[in-house]
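Notes to accompany the following structure.
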There are 2 protein chains.
Amino acid sequence: MTVFAPDDLTVVPVSLGDRSYEIKIGPGVLAEAGDAAKALGARNVAVVTDQTVAGLHLEPVMASLEAAGINAAPIIVPPGESTKSFAHLEKVCAGLLAARIERGDLVLALGGGVVGDLAGFAAAVLRRGVRAIQAPTSLLAQVDSSVGGKTGINTPVGKNLIGSFHQPSLVLADTDVLDTLSPREFRAGYAEVVKYGLIDDTEFFMWLERNWQDVFAGGAARTRAIAKSCASKASIVSRDEFETGDRALLNLGHTFAHALEGAVAYDGTRLVHGEAVAIGLALAFRFSASLGLVSQAEADRVVDHLRAVGLPTRISDIPGEVGNADRLMDLMAQDKKVKAGRLTFILVRGIGRSFISTDIPPQNAKSFLEAELAEPVPSFDD
Amino acid sequence: MTVFAPDDLTVVPVSLGDRSYEIKIGPGVLAEAGDAAKALGARNVAVVTDQTVAGLHLEPVMASLEAAGINAAPIIVPPGESTKSFAHLEKVCAGLLAARIERGDLVLALGGGVVGDLAGFAAAVLRRGVRAIQAPTSLLAQVDSSVGGKTGINTPVGKNLIGSFHQPSLVLADTDVLDTLSPREFRAGYAEVVKYGLIDDTEFFMWLERNWQDVFAGGAARTRAIAKSCASKASIVSRDEFETGDRALLNLGHTFAHALEGAVAYDGTRLVHGEAVAIGLALAFRFSASLGLVSQAEADRVVDHLRAVGLPTRISDIPGEVGNADRLMDLMAQDKKVKAGRLTFILVRGIGRSFISTDIPPQNAKSFLEAELAEPVPSFDD
Ligand SMILES: NC(=O)c1ccc[n+]([C@@H]2O[C@H](COP(=O)([O-])OP(=O)(O)OC[C@H]3O[C@@H](n4cnc5c(N)ncnc54)[C@H](O)[C@@H]3O)[C@@H](O)[C@H]2O)c1
Ligand SMILES: NC(=O)c1ccc[n+]([C@@H]2O[C@H](COP(=O)([O-])OP(=O)(O)OC[C@H]3O[C@@H](n4cnc5c(N)ncnc54)[C@H](O)[C@@H]3O)[C@@H](O)[C@H]2O)c1
């Protein structure tokens with residue numbers, strides 16, 4: 001893995017021509033919000049956040065903005081996936097207009113991926129585009145959703161089906177705020193960290209196997225894992241901003257994950273996004289194994305690590321009913337990655353050796369899901 | 001003015017790098033819809049249109065698509081400005097998902113500017129962007145809204161405040177369909193044609209003064225006026241796609257126009273967009289005259305032509321109350337073109353000599369509006 005200076009502050013650049021920006025990672029970086037907004041020339045800044053994060057982290061951000069002479073207006077939405085809706089998009093847009101956010105001003109998204117996706121999308125469409133600062137407060141948002149410019153909302157037929165590409169002007173990932181995150185949410189975000197190892201960095205996966213307890217404990221290992229994840233994402237996004245090719249690799253585990261989230265109707269008490277991704281990663285490896293692409297031993301090793309940190313790895317780990325294979329196939333067919341009716345799967349030939357496949361017959365996926373649903377999958381400790 | 005071959009079909013290119021496209025103008029070009037969609041590689045096409053246009057022109061478009069082996073699904077919205085809303089955006093998006101419009105497929109906007117703006121915006125955000133064909137059926141949409149990629153919806157505080165830049169892949173401007181347009185709507189669209197002369201083409205304005213009756217009658221003069229308007233717009237858009245500079249000239253008359261439309265709450269029985277633009281053009285010339293930038297005689301000449309074709313030119317031409325100068329100033333302050341709290345006005349030094357001004361003291365605009373509201377403005381035939 002790329003080694004970063006073990007300094008407090010790590011800066012990861014995202015190179016996208018005139019849309020380039022920096023990701024600042026470290027304890028206390030949110031205190032820079034005011035100066036950063038001022039440096040970007042904003043007069044008014046709307047801080048979009050959810051009720052939970054507002055109670056914990058809004059005040060210092062408002063204070064930092066006001067100290068820099070910025071008019072700061074908070075816009076507070078309910079926490080949870082169901083906030084990524086047309087109804088809340090309309091409300092946030094109304095709030096931005098009431099705060100007189102003009103071209104040249106800024107939207108600051110302070111929260112997890114839900115707030116980042118919703119506020120980022122509102123910024124993308126307000127006056128046909130104003131700038132945004134992403135200030136991710138969940139691990140998942142710090143290592144994934146705040147970087148790369150994908151924004152959007154859900155519809156009743158699928159996740160993230162409505163949205164825009166809208167790169168932020170700056171990402172402020174304050175590692176201090178992760179201390180208030182619930183262990184369940186931290187773990188869920190960790191699934192996306194593991195994903196980067198599985199996509200194309202065997203060494204990083206092995207480093208995580210050895211060091212995950214330090215990553216969970218906080219401190220330098222955690223900052224390092226976040227920075228490494230951001231650097232991986234930045235590198236893929238720089239090569240393929242609009243997902244015409246390689247960027248689809250970032251969806252490893254996500255075709256399954258989105259279908260599972262749909263199957264529980266985005267009910268976060270049953271399944272949060274990162275947990276769905278953990279199951280999706282396990283399914284991607286087992287599906288690849290069932291196709292003879294990767295050894296069962298390597299698939300088991302991935303499942304082993306996910307289970308070691310306490311993440312779910314089987315559909316049956318989800319409490320309650322999720323429906324049958326036909327239902328899940330239908331949900332997968334609504335995936336954005338569908339092209340000319342064909343499903344795209346990200347498959348693996350090994351840990352760190354993922355690839356994009358568009359020629360898997362749907363029947364294979366269906367049989368695989370039927371088998372997964374039929375019986376608990378044998379695994380190392382069964 | 002640039003002279004086009006008086007052929008039946010005129011093709012105006014819009015040069016925007018890998019977002020370049022053609023505007024095909026002429027009688028019967030809608031019959032090409034099916035072949036065009038096929039050439040663009042679409043399997044499914046959703047035709048978004050309004051009830052009025054559906055009754056008149058939907059059938060042949062569906063037939064053309066089906067003849068080309070395309071799955072075509074109609075999505076029909078109510079006519080009128082109030083359709084450019086979040087509620088209808090959500091409905092159109094749901095319709096596009098139900099029609100399984102995937103990346104690679106197409107949205108075809110068949111209608112006036114309302115349908116074009118709404119369907120174009122839905123295409124921009126569906127799956128973070130699918131392609132669109134604009135098939136404008138009103139004169140206003142053929143000469144203005146279908147070209148240049150601005151899409152969007154209105155909010156209670158102002159017009160077009162939510163939207164995207166999303167260039168179409170093709171524009172099919174069928175001049176035959178204009179025959180079913182009401183005289184009032186044709187006249188309203190003509191205000192935007194006049195606008196191109198006023199912005200930077202004195203000769204075109206003079207040509208319109210001489211030939212407007214032929215333009216209204218149809219045939220070659222009409223196609224020519226449409227093509228010339230599209231070429232003007234294409235040229236400005238190619239130079240400044242995202243309106244960081246010159247493109248703002250296309251808003252000549254529009255800061256006033258949008259405020260007036262807001263003042264009547266977008267009630268099309270009182271004022272349609274093109275009529276608001278006609279009044280806005282007259283106000284821009286009279287405001288410029290009041291600032292000593294242009295002669296009163298030249299302002300009168302513009303007003304004269306607009307009145308000759310039957311367009312309104314004064315605020316008092318709008319039936320009912322529109323409120324006082326403060327109200328209009330407030331409405332103008334919500335304009336997207338506001339930067340750092342300053343209003344942008346497009347002013348004129350003559351016919352065909354418009355320029356962008358950001359340093360007009362608000363007090364001048366307010367006094368001007370007070371004078372306009374106080375008394376019928378003296379004009380050539382009073
Ligand atoms: N745009 C992208 O590229 C991208 C990538 C991955 C995921 N996503 C999206 O991200 C979303 C999931 O993100 P998420 O897991 O951050 O969900 P989330 O935003 O719902 O946050 C999870 C929970 O943690 C709480 N929370 C956040 N920060 C906290 C903190 N510091 N202290 C205490 N509580 C805190 C939130 O209030 C929420 O209840 C999904 O909607 C997913 O689709 C987007
Ligand atoms: N995107 C842009 O760059 C841009 C530029 C200018 C205007 N606009 C927008 O365009 C809209 C106004 O466009 P419009 O004037 O076309 O309004 P519109 O779409 O409401 O059409 C006007 C009326 O004419 C009817 N109609 C359209 N074609 C017809 C036909 N061939 N036969 C019979 N009836 C027909 C419609 O049903 C409607 O009732 C406004 O919302 C304005 O903001 C956008």
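So that the names make sense, note that chain A is the first sequence line, chain B the second, and so on, each numbered from 1.
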Practice task
Could you list which of residues 115-124 of chain A have a heavy atom closer than 4.5 Å to any heavy atom of chain B, in residue-number order?
Solution key: Phe121(A), Ala124(A)
Exercise for the section: Without swapping roles, check the side chain of Arg128(A) against the backbone of Thr151(B) for a donor-acceptor pair under 3.5 Å. Expected result: yes
Completion exercise
Greatest number of non-hydrogen atom pairs under 4.5 angstrom with chain A, of Ala94(B), Gly152(B), Ala87(B), Ser164(B), falls to Ser164(B)
Handout entry: Rounded distance (nearest 0.5 Å) linking atom CD of Glu243(B) with atom CZ of Arg127(A)
Key = 12.5 Å
Completion exercise
With sequence neighbours left out, the residues meeting salt bridge (Lys or Arg N to Asp or Glu O under 4.0 Å) with Arg19(A) are Glu241(A)
Exercise for the section: Go through Leu161(A) and Leu97(B) one step at a time and tell me if the side-chain contact (heavy atoms from CB on, under 4.5 Å) criterion holds. Expected result: CA-CA 9 Å; Leu161(A) 287 175; Leu97(B) 288 169; 3.9 Å; yes
Practice task
Applying side-chain contact (heavy atoms from CB on, under 4.5 Å) between Cys93(B) and each of Ile162(A), Thr155(A), Ile153(A), report the one that passes.
Solution key: Ile162(A)
